[in-house]
Protein chains: 2
Amino acid sequence: MLKMARKSRASGSSVENGSMEKQADRIVQTLKSKKLRVTPQRFAVYANLLDRTDHPTAEQILHDLNQNAPTSSQATVYTSLQALRDVGLVREVLLEEGVCRYDANIAPHHHFRCKSCGKIEDIAWEQFQGIDLQRLRSGLKVEDYELTVRGLCDRCDRAS
Amino acid sequence: MLKMARKSRASGSSVENGSMEKQADRIVQTLKSKKLRVTPQRFAVYANLLDRTDHPTAEQILHDLNQNAPTSSQATVYTSLQALRDVGLVREVLLEEGVCRYDANIAPHHHFRCKSCGKIEDIAWEQFQGIDLQRLRSGLKVEDYELTVRGLCDRCDRAS
DNA sequence: TCTTAAATAAGAATTATTCTGAGTTTATAG
DNA sequence: CTATAAACTCAGAATAATTCTTATTTAAGA
């Protein structure tokens, strides 16, 4: 139905089609390196996630992709996200009840969530060097950890 | 339908009914101090949560309460948990997709979750003194924060 | 180009949670 | 006490997020 996503994505931004092509190739290579078949839908989901920093839900990604023309089904967005998660290209972020958000930034980092507007913001890993996991009680084998900070973002803090 | 929960809970453990009574009174006082009406169902939900450290889901609590005789409906467990959360007596713990777990330990602490068996364990707050929230970028007003640690618990680590 | 394992789509199914509306219980004032 | 209103409970319907099912399509290697 769809031609390769890398072709169908060429429009949109008016400048830098050259670098967009390069970015598309990078994505293709990344997917292949993880032994994932490069399908238009999977490509689109990953490209969309790489393109934003707002930790969208599956539903938001779906809506975004189908904005102009239908390109992907609900089920496919979910399975694409699962596949990308399984190979470690995206990670799930659990900050609210009920929904699962996704993040293509897999470098270790922490999260801040505004209690008022719900906005999520990354916090650089280096800001919390003090954490010393050696002090964990013996027996637990730590694989990763993450700090969740809640409060008010600047905008909501000013408004209140 | 039920007589006051503090009465109907008296059986069960064979020892220390005296101290159970005291515990029940404490719960009643706690609820009253938060201006919550002390109903058998609400009492039971809170008592159940205080009695365990495994961060159950709403469904698990419901099942537990209705084990012998039906004492509470699904909807009521949910609204009880909401009420308790709203006054700060329990907190939600979000460590997995899809479900919301509850914790009556409201003292600040962190969480460990075993990636293999899903077991959740508390981590004492003092174990991570190093965290310095002053270093957060200005503008964000921090209200609380929590560390989520993932890995293997001793049991699963040994098994693997 | 052929082949085929892997991926997609549409809709049904499942799961967790919330809502609705009617009937109960409880605190409190009279 | 008794009346009253507000708060609470319940069963079942409704909603929302996600997964499953099955037939069809497709990417990519031989």
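Reckoned from all heavy atoms, side chains included, excluding hydrogens, waters and symmetry mates. Labels below follow one simple rule: chain letters A, B, ... track the order of the sequence lines, proteins then strands, and each chain is numbered from 1.
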Side-chain ion pair, A/D64 and A/R52, N-O less than 4.0 Å:
yes
Given 3.5 Å as the limit, does a donor-acceptor pair link the side chain of A/D103 with the main chain of A/R91, or not?
no
Taking D/dT18, C/dT17, C/dA9 as options, the one with an atom nearest any side-chain atom of A/A75 is C/dA9
Spacing between B/Q60 atom CD and C/dT17 atom C1', to the nearest angstrom
15 Å
Identify each atom pair where a protein N or O and an N or O of nucleotides 6-8 of chain D are less than 3.5 Å apart, giving names and distance.
from  : atom 1 : to    : atom 2 : distance (Å)
D/dA7 : O4'    : B/R37 : NH1    : 2.8
D/dC8 : OP1    : B/R42 : NH1    : 2.8
D/dC8 : OP1    : B/R42 : NH2    : 3.2

Could you state the atom-to-atom distance from CG of B/N66 to C1' of D/dA11 in whole Å?
13 Å
Rounded to whole angstroms, how far apart are CZ on A/R101 and P on D/dT18?
10 Å
Tell me the interatomic distance from B/L81, atom CG, to C/dC19, atom P, rounded to whole angstroms.
15 Å
Here the distance between atom P of C/dA16 and atom CG of B/L62, to the nearest Å, is 12 Å
Nearest whole Å is fine: how far is C/dA7 P from A/Q82 CD?
12 Å
Could you state the CD-P distance from B/E97 to C/dT17, rounded to the nearest angstrom?
13 Å
Decide whether A/V149 and A/W125 are clustered together by the hydrophobic rule: side chain heavy atoms of Ile, Leu, Val, Met, Phe, Trp, Tyr closer than 4.5 Å, transitively.
yes
Round to the nearest Å and state the distance from A/F43 atom CZ to C/dA7 atom C1'.
17 Å
What nucleic acid atoms does A/T57 come within less than 4.0 Å of, heavy atoms only: base, sugar-phosphate, or nothing?
nothing
Note: for A/V99 and B/S73 on DNA chain D, the residue whose nearest nucleotide lies more 5' is B/S73
Considering only NZ, NE, NH1 and NH2 on the basic side and carboxylate oxygens on the acidic side, decide whether A/E143 and B/K115 come within less than 4.0 Å.
yes
Quick one: is A/Y78 getting a side-chain N or O under 4.0 Å of the D/dT18 phosphate, OP1 or OP2?
yes
Can you find a pair of side-chain heavy atoms, one from A/L94 and one from B/E97, that are under 4.5 Å apart?
yes
Evaluate the criterion side chain to side chain contact (heavy atoms under 4.5 Å, CB included) for residue pair A/V45 and A/L84; output intermediate values, then yes/no.
CA-CA 9 Å; A/V45 167; A/L84 291 166; 3.9 Å; yes
Would you indicate what B/E96 reaches in the nucleic acid, counting non-hydrogen atoms under 4.0 angstrom: base, sugar-phosphate, or nothing?
nothing
Here the ring-ring contact (aromatic ring centres under 6.0 Å, His included) pairs for residues 48-68 of chain B, sequence neighbours left out, are B/H55-B/H111
For DNA chain C, whose closest nucleotide is more 5', that of A/G98 or that of A/V77?
A/V77
Counting distance only, does the side-chain N/O of A/R113 pair as donor-acceptor with the main-chain N or O of A/E121 below 3.5 Å?
no
For the helix from C/dT1-D/dA30 to C/dG30-D/dC1, measure the angle between the helix axis at one end and the axis at the other, each built from five pairs, rounding to 10°.
30°
Between D/dA17, C/dG11, C/dT18, which nucleotide gets closest to the side-chain atoms of B/Q74?
C/dT18
Between B/T30 and B/S33, is any side-chain donor less than 3.5 angstrom from a side-chain acceptor?
no
Taking everything shown except B/R85 itself, do over 12 heavy atoms lie less than 6.0 Å from its CZ?
yes
